[in-house]
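Each residue takes its place number in the sequence, starting with 1.
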Amino acid sequence: MLIKEYRICMPLTTEEYRVGQLYTISKHSHQESEKGEGVEVVKNEPHEDPVHGPGQFTEKRVHLSSKLPSWARAVTPRIFYITEKAWNYYPYTITADGRSLQCSFLPKFSIYIETKYEDNCGDSENIFRSEKILGDHEVSFLDIAFDEIPERYYRSLEDPRFFSSAKTGRGPLREGWRQHTKPIMCSYKLVSVKFEVWGLQTRVEQFVHKVIRDILLIGHRQAFAWVDEWCG
């Protein structure tokens, strides 16, 4: 199992991002579905948790066949999807349960993601308070303005280095923006990837983390770049 923690800061408050997150997911899902792949919603219903209180449960099928590299497509069926189960008790969310994200044909493949949002610049240590993973995982800060994304996903209108919000007056983001920007919030993502197949485990787990990193970076960039569409 390969565990990593990602921290992604945004020039927003957590309350603002509650709206921005939902808008971004909805818009992105619609865009992907128009391409013949993307997200198929199976369930979307209220859910009550004894610890976290009222929230929302969603179950989705994320179709990924065309997004796999050639070496992965060679060993997967033509119709390939991952079943994603998520419990959203904002500002705390869980993606998957004990069974984790389930692949349509690989029972030994799983992803488990915990998310917490706080109004800070990513300086909360051990925010997940899990002794079993403390000191046993890599922490990566993802910079929505200056970290590289795959060229095929780049859009100049979504580049935080150049985008300026007409409604909020925020942006563009300059070097070192995380240290001096107000307001600021951070998405903390604890991601566990497990692929128990001899000979492929390390390669697949590292590849999946690379994909997750790109998805997180692109999604948070878009949430900020689309702020004038969802704010107010």
Side-chain angles (χ1 to χ4, degrees), residues 4-12 14 16-41 58 60-69 72 80-82 84 86 88 90 93 95-96 101 111 113-117 122 138-165 168 170-175 177-178 181 184-191 193 205-231:
K4 294 187 179 183
E5 181 182 329
Y6 301 95
R7 300 180 185 181
I8 315 103
C9 289
M10 303 272 285
L12 302 168
T14 55
E16 288 173 332
Y17 188 59
R18 180 198 290 263
V19 178
Q21 176 196 45
L22 295 175
Y23 178 86
T24 301
I25 291 173
S26 177
K27 180 174 178 177
H28 191 261
S29 297
H30 178 70
Q31 291 175 339
E32 289 294 298
S33 297
E34 287 183 338
K35 299 174 185 176
E37 286 206 345
V39 180
E40 172 191 357
V41 178
T58 57
K60 306 171 186 174
R61 288 181 178 177
V62 185
H63 296 269
L64 298 171
S65 298
S66 67
K67 294 178 172 58
L68 297 175
F80 172 70
Y81 62 83
I82 289 174
E84 173 190 301
N88 189 347
Y90 198 91
T93 66
T95 302
L101 281 170
I111 304 171
I113 303 174
E114 286 186 71
T115 304
K116 289 189 177 182
Y117 305 100
E138 173 187 332
V139 175
S140 297
F141 283 88
L142 305 187
D143 189 325
I144 65 171
F146 292 94
D147 281 0
E148 290 187 3
I149 62 171
E151 186 176 354
R152 66 184 180 276
Y153 294 117
Y154 179 80
R155 304 287 184 274
S156 58
L157 294 177
E158 298 173 358
D159 191 331
R161 295 173 300 171
F162 310 120
F163 170 75
S164 180
S165 167
T168 67
R170 300 171 203 169
L173 302 183
R174 306 303 186 192
E175 285 278 8
W177 66 272
R178 194 162 56 89
T181 297
I184 192 166
M185 60 153 290
C186 184
S187 297
Y188 294 82
K189 302 270 185 179
L190 185 66
V191 182
V193 178
E205 289 177 354
Q206 290 177 342
F207 168 75
V208 171
H209 269 286
K210 170 65 168 62
V211 172
I212 290 172
R213 177 198 174 277
D214 289 344
I215 290 172
L216 293 176
L217 195 53
I218 293 163
H220 285 75
R221 282 166 63 99
Q222 291 175 331
F224 175 54
W226 296 342
V227 64
D228 287 346
E229 298 178 27
W230 57 260
C231 183

Enquirer: Rounded to the nearest 0.5 Å, what separates atom NZ in Lys189 from atom CD in Glu5?
Expert: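 Between atom NZ of Lys189 and atom CD of Glu5 there are 12.0 Å.
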Enquirer: Provide the closest heavy-atom pair for Ala223 versus Trp230 in the form atom of the first, atom of the second, distance.
Expert: O-NE1, 2.9 Å
Enquirer: Side-chain contact test, heavy atoms from C-beta onward, threshold under 4.5 Å: evaluate it for Pro11 versus Ile144 and give yes or no.
Expert: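 A side-chain contact exists here, since the closest heavy-atom pair is under 4.5 Å.
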Enquirer: Applying ring pair (Phe, Tyr, Trp, His ring centres under 6.0 Å), name anything that partners Phe224, two or more places apart in sequence or on another chain.
Expert: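 Ring pair (Phe, Tyr, Trp, His ring centres under 6.0 Å) check on Phe224 returns Phe163.
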Enquirer: The criterion is salt bridge (Lys or Arg N to Asp or Glu O under 4.0 Å); which residues satisfy it with Glu16, sequence neighbours excluded?
Expert: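 In terms of salt bridge (Lys or Arg N to Asp or Glu O under 4.0 Å), with neighbours along the sequence ignored, Glu16 is linked to Arg170.
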Enquirer: Under the rule for side-chain hydrogen bond (donor to acceptor under 3.5 Å, both in side chains), what residues qualify as partners of Thr58, not counting sequence neighbours?
Expert: none
Enquirer: Are a donor atom and an acceptor atom from the side chains of Gln21 and Tyr90 found within less than 3.5 Å of each other?
Expert: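 No.
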Enquirer: Give the minimum heavy-atom separation between Arg7 and Gly122, together with the two atoms involved.
Expert: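 In this case the closest contact between Arg7 and Gly122 is NH1-O, 2.9 Å.
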Enquirer: Measuring only between side-chain heavy atoms, which start at C-beta, is Ile184 closer than 4.5 Å to Trp177?
Expert: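 Counting from C-beta outward, Ile184 and Trp177 do come under 4.5 Å.
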Enquirer: Could you measure the distance from the CD1 atom of Ile212 to the OH atom of Tyr6? Nearest 0.5 Å is fine.
Expert: 6.0 Å
Enquirer: Could you pull out the closest heavy-atom pair between Ser164 and Gly171, with the gap in Å?
Expert: OG-O, 3.5 Å
Enquirer: Would you please name every residue forming a salt bridge (Lys or Arg N to Asp or Glu O under 4.0 Å) with Arg18, sequence neighbours left out?
Expert: Glu15
Enquirer: Please report the interatomic distance CG(Leu173) to CZ(Phe162), rounded to the nearest 0.5 Å.
Expert: 11.0 Å
Enquirer: Would you compute the distance between atom CD1 of Ile218 and atom OG1 of Thr24 and round it to the nearest 0.5 angstrom?
Expert: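 Atom-to-atom, Ile218:CD1 and Thr24:OG1 are 13.0 Å apart.
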Enquirer: How long is the straight-line distance from CE of Met185 back to CE of Met10, given to the nearest 0.5 Å?
Expert: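 If I round to the nearest 0.5 Å, the distance is 6.5 Å.
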Enquirer: SG/Cys231 to OH/Tyr23 distance, rounded to the nearest 0.5 angstrom?
Expert: 12.0 Å
Enquirer: Please enumerate all residues that pass salt bridge (Lys or Arg N to Asp or Glu O under 4.0 Å) together with Asp143, with sequence neighbours excluded.
Expert: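 Listed in chain order: nothing, the list is empty.
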Enquirer: Not counting sequence neighbours, list each pair that qualifies as a salt bridge (Lys or Arg N to Asp or Glu O under 4.0 Å) and has a residue in residues 213-223.
Expert: Asp147-Arg213, Lys210-Asp214
Enquirer: What's the verdict on side chain to side chain contact (heavy atoms under 4.5 Å, CB included) for Gln222 and Lys27, showing C-alpha distance, side-chain angles and the deciding distance?
Expert: CA-CA 10 Å; Gln222 291 175 331; Lys27 180 174 178 177; over 6 Å; no
Enquirer: For the pair Ser165 (side chain) and Thr168 (backbone), establish whether a donor and an acceptor sit closer than 3.5 Å, ignoring hydrogens and angles.
Expert: yes
Enquirer: Could Lys116 and Glu114 be called an ion pair, given the rule that one side-chain N must be under 4.0 Å from one carboxylate O?
Expert: no
